Amino acid sequence: MNFTRAAEVLSYVPFNVTMQIKALEDELGVRLIFRSVPNQVLKQTLFEGTTDIVYILDEPIRSSGLSVEPLLEEHFRLLAPPDHPLAKRTVLQLEDFHEEVFLTNEKGCPYRTMFDRSFEKEGIDNITYLEFQSAEAIKQCAISGIGIAFLPEIVAESEVERGELVVLPWHIPDLQVYTQMLWHKDKWLSPMMLSFIEATREVFGSQNENKTV
C-alpha cells in the first residue's frame, strides 16, 4: 500500500496512517501485508490457501468457490485541467473526444479493460493512449495538460477540490466497479478473521453512509 497516497485521500499525515495500520495489527494480532497484485493472482492465492482474505477492485465477481462481498461501488471519471477546451462544456458528444489523448493505466488493469470496452461499444476504436503504472503520474500529466485522465473518483478528489482538475460531463456506460472482499468458501474462519471481516464491513459501511448524506 502507498501510505502517502492513502494519507492524502484520508486527509491524514502518512505517519498517522502507518500508526493506525500498526494499531490494527496489534488489536488483531496479525501482520497486514499490502501489495499491488493482479486480481487473477489474488483469487488464485485464495484457492491455494496462501491468503485468507483479499480485496479486489473489479466488476462484480461470481465464483462457486469463493465468498464475495461487495463493499463499495467505485465511480470513475474523465478529468482534465480547468483550461482544457472540453472543461467548460456542459454536454459532450462522442465526436468531441476524437484526437484527444487519454491517460490511463497499462493494459491488463481491470478498469482499463472496461474503459476500452465501453468506448469500443460506442464506436470509438482509434483512441490515442498514454499508459502509466501509477495514478499519481496520470494526475500530474493531466494537470500539465498532456491529456484526459481516466481514474477512480476518490483518487482525484483532492485535485478536484483544489481546482487543479475538473470532472468532464461524460457518463461512461456499463462501467460498474466495486471494491470487493473475498475469501474461500470452504476455509474455516477463525474468530480473528471473523473480527477482521466485521471491522471491514463497519469501515466501508460508514463510507457508504457518508456518500448518501
Side-chain angles (χ1 to χ4, degrees), residues 1-3 5-10 17 20-21 24-25 27-28 30-78 104-119 121 132-136 138 149-157 171-213:
M1 170 178 276
N2 186 326
F3 288 146
R5 180 67 204 124
E8 183 178 341
V9 170
L10 297 170
V17 174
Q20 289 195 23
I21 294 295
L24 183 58
E25 289 179 329
E27 179 180 345
L28 297 176
V30 297
R31 172 89 186 279
L32 301 177
I33 301 174
F34 298 88
R35 293 174 180 161
S36 177
V37 179
N39 287 352
Q40 195 57 41
V41 175
L42 281 174
K43 286 186 281 187
Q44 187 61 34
T45 64
L46 292 173
F47 287 107
E48 293 171 350
T50 56
T51 304
D52 295 322
I53 302 171
V54 302
Y55 298 89
I56 286 178
L57 183 68
D58 205 344
E59 292 179 295
I61 295 170
R62 295 175 178 82
S63 172
S64 59
L66 299 176
S67 293
V68 181
E69 186 167 332
L71 297 169
L72 185 70
E73 184 174 8
E74 303 287 354
H75 299 284
F76 283 74
R77 305 297 184 205
L78 294 178
T104 68
N105 290 86
E106 295 177 312
K107 280 188 176 294
C109 172
Y111 51 84
R112 163 64 190 277
T113 302
M114 293 177 238
F115 175 78
D116 291 347
R117 185 183 62 207
S118 65
F119 268 76
K121 284 181 65 175
F132 301 86
Q133 292 184 337
S134 75
E136 190 62 36
I138 292 174
F150 171 68
L151 287 169
E153 183 178 67
I154 190 172
V155 171
E157 278 184 345
H171 171 69
I172 302 172
D174 302 324
L175 186 64
Q176 291 185 308
V177 183
Y178 295 83
T179 295
Q180 299 163 79
M181 178 169 56
L182 290 73
W183 63 91
H184 198 287
K185 282 184 176 179
D186 296 332
K187 187 178 183 66
W188 177 72
L189 299 179
S190 67
M192 185 183 303
M193 285 179 61
L194 289 171
S195 296
F196 189 82
I197 289 172
E198 188 56 37
T200 299
R201 289 169 178 156
E202 291 177 3
V203 169
F204 279 88
S206 64
Q207 290 188 33
N208 280 315
E209 289 175 4
N210 291 336
K211 283 193 172 186
T212 59
V213 173

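Values in this document were obtained by computation on a predicted structure and should not be read as measured data.
The structure places CG of Leu72 at 12.5 Å from CE of Met181, a figure rounded to the nearest 0.5 Å. Going from atom NZ of Lys187 over to atom OG1 of Thr51 covers 9.0 Å, rounded to the nearest 0.5 Å. Between the CD1 atom of Ile197 and the CD1 atom of Ile53 there is a distance of 4.0 Å, given to the nearest 0.5 Å. Atom CG in Leu194 sits 5.0 Å away from atom CG in Leu189 (nearest 0.5 Å). Distance check, rounded to the nearest 0.5 Å: CG of Leu71 to OH of Tyr178 gives 12.0 Å.
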Show your reasoning for whether side-chain contact (heavy atoms from CB on, under 4.5 Å) applies to Tyr55 and Leu42.
CA-CA 8 Å; Tyr55 298 89; Leu42 281 174; over 6 Å; no
Residue pair Val54, Leu46: steps toward the side-chain contact (heavy atoms from CB on, under 4.5 Å) verdict
CA-CA 8 Å; Val54 302; Leu46 292 173; 3.6 Å; yes
Check the pair Leu57, Val177 against side-chain contact (heavy atoms from CB on, under 4.5 Å), reporting the backbone distance first and the verdict last.
CA-CA 7 Å; Leu57 183 68; Val177 183; 3.7 Å; yes
side-chain contact (heavy atoms from CB on, under 4.5 Å) evaluation trace for Phe196 with Ser190
CA-CA 10 Å; Phe196 189 82; Ser190 67; over 6 Å; no
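Put simply, the side chain of Gln180 gets close to the backbone of Asp58: a donor and an acceptor are under 3.5 Å apart. The main-chain N or O of Gly65 is never found under 3.5 Å from a side-chain atom of Asp186 such that the two would form a donor-acceptor pair.
Contact between Ile154 and Glu74 at its shortest, heavy atoms only, is CG2-OE1, 4.2 Å. Closest heavy-atom contact between Trp183 and Asp52: CB-O, 3.4 Å. Among all heavy-atom pairs drawn from Trp188 and Met193, the shortest one is O-SD, 4.2 Å. Here the closest heavy-atom approach between residue Ile56 and residue Leu182 is recorded as CD1-CD2, 4.1 Å.
Taking 4.5 Å as the limit, some side-chain heavy atom of Ile138 sits within range of a side-chain heavy atom of Leu151. Gln133 is not listed as a side-chain neighbour of Asn105, based on a closest heavy-atom distance of 4.5 Å or more.
Classified by interplanar angle (parallel below 30°, tilted 30° to 60°, perpendicular above 60°), the ring pair Phe76/Phe150 is parallel.
Under the 4.0 Å criterion applied to side-chain N and carboxylate O atoms, Glu59 and Arg117 are assigned as salt-bridge partners.
Applying the 6.0 Å contact sphere to CD of Gln44 captures more than 12 heavy atoms from other residues, nucleotides or ligands.
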